[in-house]
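Owing to the predicted nature of the structure, the values given are computational and were not obtained by experimental measurement.
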Amino acid sequence: MTDLTEAQREQRRTQARDLIEQRLTETWPAWRRAGRKPNLALAADIALDSLGDLAAEILVDGTMMRALTIRDGVATLELAEATEMVTIFAAGMRGVLDGHGASNYVEMEMTDGKTGEGFTVTVRRRERPTPHELRQQAETRAERLAAELEKARDRLDVIDAAATVWLRPDMSEPSHAAGRHIKALLGKIPLSAEESTR
C-alpha cells in the first residue's frame, strides 16, 4: 500500500471541509438558535454525521490501512501515519462526548441513504465501561435488590401471621389491639380514629 500523496491529502481535507460546511449551512436554523447561545453540541453532531460516509469510503479503499489484526477477540486496525481526516474524525468523537457532557458514551442513530437500513453507532471513552458492562452491573444490582425484597416479604409474612393470631376473638384486648395495629401497618385493615390514638 502506498502512502497518500500531498495532493490526495489535500483533496480529502477539502472534501471533509466542504461536507461539513454544506451540512452546517443546511442546518443553520437548528443549531444557531436566533437570540440564544448556539447549540454547538448539535453542530458538532451534524459535522460528525456529515463525515460518516466519507470516512467509511476512505477507510475501505485501503489507502490508509496498514494492518488489521484480531487477537483475543479484539480487532486492531493500524492506519498509516495520521492524516488530517483521522485527526478530524478523532476530534469529532471527542466533540460528541464533550458536547453531550457524556462521561461514558453516546449513541447516535444513522441511516444508510441508499438502503434505508438503520444503525446505532456508539462512541465511548476507552477507559470507561461499555454499555454491555453497565447493563451487567445493573442486572447484578437488580438481582441483589430482588433477593433483599424477597427476604423483607418473608419477614412481613411472619409479622402478618402473628397479627392474625393476635386478632383471634379469644385473645385479650391488648393483644387484639396490637394485632389490629400490626395489620394496619401492613395495610390490611384501616384503624378507627379511636384505635389510632391509643
Side-chain angles (χ1 to χ4, degrees), residues 1-70 73-142:
M1 293 181 194
T2 60
D3 288 337
L4 293 176
T5 65
E6 193 57 43
Q8 288 171 321
R9 286 192 181 94
E10 184 58 31
Q11 177 190 7
R12 290 200 173 151
R13 183 181 180 282
T14 301
Q15 282 179 288
R17 186 195 61 227
D18 290 348
L19 276 172
I20 292 171
E21 184 178 344
Q22 177 188 348
R23 285 294 292 137
L24 289 178
T25 300
E26 292 170 354
T27 58
W28 173 267
W31 62 268
R32 182 177 176 274
R33 303 188 308 185
R36 298 187 310 177
K37 183 179 175 184
N39 186 340
L40 297 179
L42 177 59
D45 285 347
I46 291 166
L48 179 64
D49 289 347
S50 70
L51 293 177
D53 289 341
L54 179 62
E57 179 185 317
I58 290 171
L59 287 172
V60 169
D61 74 11
T63 55
M64 290 171 53
M65 192 181 298
R66 179 179 293 156
L68 174 64
T69 57
I70 300 176
V74 176
T76 303
L77 177 65
E78 293 179 42
L79 302 177
E81 60 187 81
T83 65
E84 297 229 9
M85 184 65 206
V86 174
T87 303
I88 290 170
F89 196 70
M93 298 293 116
R94 186 178 62 249
V96 167
L97 290 162
D98 293 345
H100 284 85
S103 62
N104 191 16
Y105 71 93
V106 171
E107 290 185 339
M108 298 174 292
E109 301 298 321
M110 296 187 177
T111 304
D112 186 320
K114 294 178 182 174
T115 66
E117 186 177 4
F119 300 93
T120 299
V121 177
T122 303
V123 179
R124 177 182 62 94
R125 297 184 195 278
R126 184 180 299 163
E127 70 278 4
R128 304 289 169 84
T130 66
H132 175 67
E133 290 167 340
L134 289 172
R135 192 193 81 225
Q136 287 178 317
Q137 290 172 12
E139 287 172 349
T140 299
R141 184 169 183 257

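- Thr111 pairs by the side chain to side chain donor-acceptor pair (under 3.5 Å) definition with nothing, not counting sequence neighbours.
- Of all heavy-atom pairs between Leu97 and Val123, the closest is CD2-O, 3.5 Å.
- For residues 106-137, the set of pairs meeting the ring-ring contact (aromatic ring centres under 6.0 Å, His included) definition, not counting sequence neighbours, is empty.
- Scored by the side-chain contact (heavy atoms from CB on, under 4.5 Å) test, Asp98 finds Arg94, Arg125 as partners (sequence neighbours excluded).
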- request: Test side-chain hydrogen bond (donor to acceptor under 3.5 Å, both in side chains) on Glu133 and Gln137 and set out the steps.
  value: CA-CA 6 Å; Glu133 290 167 340; Gln137 290 172 12; over 6 Å; no
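- Here the closest non-hydrogen pair linking Thr122 and Pro131 is CG2-CG, 4.1 Å.
- Atoms CE and CD, from Met110 and Glu117 in turn, are 14.0 Å apart once rounded to the nearest 0.5 Å.
- The two atoms that bring Ala41 and Gly99 nearest to each other are CB-O, 3.2 Å, heavy atoms only.
- In terms of heavy atoms, Ala43 sits closest to Leu24 at O-CD2, 3.6 Å.
- A distance of 10.5 Å separates OG1 of Thr27 from CD of Gln22, quoted to the nearest 0.5 Å.
- Contact record, Ala30 with Leu42: O-CD2, 3.7 Å, taken as the closest heavy-atom pair.
- Summarising the geometry, atom CD belonging to Glu6 is positioned 12.5 Å from atom CD belonging to Gln11; distances are rounded to the nearest 0.5 Å.
- Residue pairs that meet the ring-ring contact (aromatic ring centres under 6.0 Å, His included) test with at least one member in residues 17-49, sequence neighbours left out, are Trp28-Trp31.
- With sequence neighbours excluded, no residue forms a side chain to side chain donor-acceptor pair (under 3.5 Å) with Glu107.
- In this structure, Arg124 contributes its side chain and Arg128 its backbone to a donor-acceptor pair below 3.5 Å.
- When each of Gln136, Arg135, Arg141 is paired with Glu139, the side chain to side chain donor-acceptor pair (under 3.5 Å) condition holds for Arg135 and for no other.
- For residues 5-27, no pair satisfies ring-ring contact (aromatic ring centres under 6.0 Å, His included), with sequence neighbours left out.
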